[in-house]
Amino acid sequence: MIALLALCIAAFAGTLKVHVLDVGQGDAILIEAPNNKTVLIDAGTVKANVTAELKRRGIETLNLVVSTHPHADHIGGMAEVLKGFDIGRYMDNGMTHTTLTYARTMAVVERKGIGYIAAVKDRNLQLGDEIVMTIIHPRTTLLRGTRSDLNSNSVVIRLQHKEICFLFTGDAEAPTERDMLNRGVESCDVLKVAHHGSEHSSTSAFLRAVKPRFAAISAGTRNRYGHPDPEALERLHQAGIEVHRTDKEGTITFVSDGKTVKVSTEKTVEAVTGHPIAAVTRHPQHSIKPAPTQDLIVNINTADALALDTLPGIGPSRAATILAHRKKNGPFNSCEALTIIYGIGPKTVANLRPRCTVTTNDESTP
Ligand SMILES: [Zn+2]
């Protein structure tokens, strides 16, 4: 009996848990290593209140807190987290941002005297006997001139627990994936899908190289960006990866004993009531299709920035560009004409097409 108990404790002591927290549209990943070592990668939006969620889980100390990049869906809750817990070290990619959210975060780092580590490729951090975090990206020379340099220089982390590997990719996009592929990408069991499953990430070449068994997508239910993108999902499914999504299943937890990894989710896909997180469940994720949006039709020739912003794949900056273009050049002849806007390709148009019109109600009313 005593021997069995000792064995159980030994087994528990060797268990690594990775929780992809359900924070709506954003990222927050809690890593619980044996010996009570904890790491938080990103802190979601302000609204997600990651601090409350971590307290609910009994967390008091975070040995390492990582900001993959300074967008508000990753560091919105960061200042509160840094204030609310004993923090060992704070790590980011070294890129500054002009937002108040970023300024507040760095003010707390400074005020609390939290040790700062710059995330640079090949830096290793030991989390336990056989648990090592390795920074894969960015390199000392940052990627520049990409669609989003902040996304492209996201901190990418490989977490190795004996034979089991996790890859956390922040909001890395295709240029980052190419950069990593050029340097050589090793296979890894669990992939935190980059950029909430956006169309700009998860290229087939990258997925072929990583060859994950499981993928976790962190995205908000019916978010305004249309994440995860249907084609990105298709690429994941084509690669034969078991895909889990926080927008459908709530918090996703992976448990590794160093040899095998198991996944459990807060909710089953079909479930009305919650599923206990302790129960290990596997779901036929391949059948998941993105929910059709029920939102209103947007006339791109009359809509204001807020309305344009609700179209999948648009967002505030492209909405502003559309308005500026309309003011200068007059109305669009078709929704397809949106491809004239920088950053809007045929795929984005195809995604937003069901909700787009150029015809006013007056014209269509007899
Ligand atoms: Zn993001």
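Note that this is a predicted model, so its numbers are computed, not measured. We number each residue from 1, following the sequence as shown. We count ligands from 1, going down the list as the structure has it; atoms in each ligand are counted the same way.
- No side-chain donor from either of D73 and T45 sits under 3.5 Å from a side-chain acceptor of the other.
- Judged by a 6.0 Å distance limit and a 45° cone about the ring axis, K262 is not positioned over the six-membered ring of F214.
- Here side-chain hydrogen bond (donor to acceptor under 3.5 Å, both in side chains) pairs that include residues 102-114, with residues two or more places apart or in two chains, number zero.
- A side-chain donor-acceptor contact under 3.5 Å links T146 and D149.
- R208 meets the salt bridge (Lys or Arg N to Asp or Glu O under 4.0 Å) test with no other residue; sequence neighbours excluded.
- Screening the protein for N, O or S atoms under 2.8 Å from the Zn ion (ligand 1) yields 4; no waters enter the count.
- Residue pairs meeting the ring-ring contact (aromatic ring centres under 6.0 Å, His included) criterion with at least one member in residues 216-235, sequence neighbours excluded: H195-H227, H196-H227, Y225-H227.
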